[in-house]
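We number each residue from 1, following the sequence as shown.
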Amino acid sequence: ISEGNLYRTIDNHLIVQDLQTEEENEISSYARAVVVAGNEIVYAANDAIVSMDLQTGEKRTLKTLDEGIMVNVMAEYGGQLYFVEYRVETRPAEEAFYRIDLETGEIYDWEPFDEIIGVSESGENLYFYYHEEHTNPDYTYYSVNSIYRIKKDGTGKEELCTWEEGDYYAGYIRCIRCVDEWIVYQDWRDDKVYKMNQFGKEKTQLPIEREIQMFTTWEDKLYYTDMEGHLYENDLSGKNE
């Protein structure tokens, strides 16, 4: 939501809706990944990553996509766009990771990631959630999940925490976000919500007893639904539901 408009994708169509008049208009007939970055909306079309000025509607191409390339993962922090390209005709799919300076249009190679989960107050360090899946020779496989801290220019990568290798689900973290200087996540092994500081230490289980179906954060609050679909708000202590 930006400036009274709701931007959303419906069957890969990018739609803008005026929240006051409820009028809808199509921005693009195809958009797989979408982020709002300041006064721009950036989306991955069929053949390019496109930025549109929210005030004027003027569009510019940030990067042309080759045939067979798909972009599903995209995030923006501090005027930098981070995204993953997939070459879908290969098995397994080939991945390439990039950062674009939205002001200059310069494109840089970047470190692999699955999801960027937050940014520090200083803006120098990004936190992102990185998931690796490995296949063993006997076709069984296990997963490794790690959280890294990295500077926005792609240097100074540091592992904060990793969940041990195991069978398919071992170590899998269902949802993970950054709130202020804390990393908050839900662990599948007990379905409990935990927080730890930005250095991967001081791990604490939050006293939320109900079974959680969906979980996210906004500003300094936690939001989650129970199995019946009721929506709750809580703070980082977990005591003020």
Using side chain to side chain contact (heavy atoms under 4.5 Å, CB included), reason through N197 and W182 one step at a time and then give a plain yes or no. CA-CA 5 Å; N197 66 18; W182 293 93; 4.0 Å; yes
Tell me whether K157 at atom NZ has more than 12 heavy atoms from other residues, nucleotides or ligands lying less than 6.0 Å away.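 It does: K157 NZ has more than 12 such atoms within range.
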Considering residues, nucleotides and ligands other than D220, do more than 12 of their heavy atoms fall under 6.0 Å from its CG?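 Yes, the 6.0 Å shell around CG holds more than 12 heavy atoms from other groups.
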Hey, could you give me the [atom1]/[atom2] distance between [X] and [Y], rounded to the nearest 0.5 Å?
{"X": "Y232", "Y": "T225", "atom1": "OH", "atom2": "OG1", "result": "9.5 Å"}
{"X": "M214", "Y": "M227", "atom1": "CE", "atom2": "CE", "result": "11.0 Å"}
{"X": "S28", "Y": "K59", "atom1": "OG", "atom2": "NZ", "result": "6.0 Å"}
{"X": "D53", "Y": "E58", "atom1": "CG", "atom2": "CD", "result": "7.0 Å"}
{"X": "H13", "Y": "E26", "atom1": "NE2", "atom2": "CD", "result": "6.0 Å"}
{"X": "L231", "Y": "Q213", "atom1": "CG", "atom2": "CD", "result": "11.5 Å"}

To check you understand the geometry: which heavy-atom pair defines the closest contact between T21 and D18, and what is its length?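 Taking T21 first and D18 second, the nearest heavy atoms are N-OD1, 3.0 Å.
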At their closest point, which heavy atom of F97 faces which heavy atom of E111, and how far apart are they?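 Closest pair (atom of F97, atom of E111, distance): CB-O, 3.7 Å.
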Apart from [X] itself, what residues make up its hydrophobic cluster when side-chain heavy atoms of I, L, V, M, F, W and Y under 4.5 Å apart count as a link, directly or indirectly?
{"X": "I1", "result": "L6, L19"}
{"X": "I69", "result": "V35, V42, I49, L62, L65, V71, M74, L81, F83, Y98, I100, L102, I107"}
{"X": "I27", "result": "Y7, L14, V16, V34, V36, I41, Y43, V50, M52, L54"}

Can you confirm whether [X] sits close enough to [Y] that some side-chain heavy atom of one is under 4.5 Å from a side-chain heavy atom of the other?
{"X": "V73", "Y": "Y82", "answer": "no"}
{"X": "Y224", "Y": "R210", "answer": "yes"}
{"X": "K203", "Y": "Y185", "answer": "yes"}
{"X": "K192", "Y": "E209", "answer": "yes"}

Side chain to side chain contact (heavy atoms under 4.5 Å, CB included) partner of L222, chosen from L206, I212, T216: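 With L222 as partner, side chain to side chain contact (heavy atoms under 4.5 Å, CB included) holds for just one option, L206.
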May I ask you to check whether N5 and Q17 show a side-chain donor-acceptor distance below 3.5 Å?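 Q17 and N5 do not have a side-chain donor-acceptor pair below 3.5 Å.
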Mind checking side chain to side chain contact (heavy atoms under 4.5 Å, CB included) for N240 and listing every partner two or more places apart, or none if nothing turns up?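 N240 satisfies side chain to side chain contact (heavy atoms under 4.5 Å, CB included) with N234, D235, S237 once adjacent residues are dropped.
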Does the distance from a Lys or Arg side-chain N to an Asp or Glu carboxylate O, for R8 and E24, drop under 4.0 Å?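 Salt bridge: yes.
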Going by the rule ring pair (Phe, Tyr, Trp, His ring centres under 6.0 Å), which residues pair with Y77 if we only count those two or more places apart in sequence or in a different chain?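 So Y77 forms no ring pair (Phe, Tyr, Trp, His ring centres under 6.0 Å) with any residue.
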Determine, step by step, whether L160 and M196 satisfy the side chain to side chain contact (heavy atoms under 4.5 Å, CB included) criterion, reporting the C-alpha distance in whole Å, the side-chain angles of both residues, the deciding distance to 0.1 Å, and the verdict. CA-CA 10 Å; L160 301 182; M196 58 186 172; 5.9 Å; no
Among all residues two or more places apart in sequence or in another chain, which pass the side chain to side chain donor-acceptor pair (under 3.5 Å) test with R60?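 So R60 forms a side chain to side chain donor-acceptor pair (under 3.5 Å) with E40.
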